[in-house]
Amino acid sequence: MKFKALLLASLALSPLANACDDIMFSHTYARATPPNAATSAVFSEIMNHSDKDRVIVSATTEAAGKVELHDVINEGDIMKMRQVDKLTIPANSMIELKPGSLHIMLFNLKKPLVEGENIDVTLTFANGDKKVVSAPIKKVMSGMKHQH
Ligand SMILES: [Cu+2]
């Protein structure tokens with residue numbers, strides 16, 4: 001019983017309501033697609049204002065049947081995308097998801113992504129937090145071939 005009381009006390013003291021506010025997304029957008037395209041990507045600048053590393057372990061969106069976290073690596077002269085199992089935002093730092101680098105990959109698009117519309121992307125963190133980010137759909141110059 002003593003343990004339970006301690007647990008409740010610590011829960012009451014922890015700033016659960018503010019848990020997500022340490023992470024800020026800016027310049028988030030999804031790449032507009034031509035009709036019949038099956039894939040797209042979401043980019044963002046993600047800032048971590050806390051003094052703990054934060055880790056994104058998965059993402060989902062209504063707009064796509066499958067979502068993966070991706071990085072781009074150089075293999076010889078070829079830039080290749082590969083799936084990563086997490087995106088770590090170091091304490092008091094930021095990471096940039098951008099074309100040719102880290103991105104959130106959308107597969108099996110349910111319909112084309114039309115410039116001017118928005119999609120919601122739900123990100124799940126390693127500690128169980130979830131955060132929904134609205135990504136405006138924009139046209140992006142695509143210099144990168146989709147090679148998996
Ligand atoms: Cu990708």
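Every heavy atom of this structure was used, including side-chain atoms; hydrogens, water molecules and symmetry mates were not. Indexing begins at 1, ligand by ligand and atom by atom, following the structure's order.
Just one residue in the list T61, T60, N108 forms a side chain to side chain contact (heavy atoms under 4.5 Å, CB included) with K66, and that residue is N108.
Here M105 meets the criterion, with an N, O or S atom under 2.8 Å of the Cu ion (ligand 1). Residue contacts to the Cu ion (ligand 1): T39 brings no N, O or S atom closer than 2.8 Å.
With the Cu ion (ligand 1) as the vertex, SD (M81) and NE2 (H103) define an angle of 80°, rounded to 10°.
F25 is linked by a ring pair (Phe, Tyr, Trp, His ring centres under 6.0 Å) to nothing, counting only residues two or more places apart in sequence or in another chain.
Salt bridge K52/D22: absent, no basic N to carboxylate O contact under 4.0 Å.
No other N/O/S atom of H70 lies as close to the Cu ion (ligand 1) as ND1 does.
Of the possible polar contacts, one joining the S40 side chain to the R31 backbone as a donor-acceptor pair under 3.5 Å is found.
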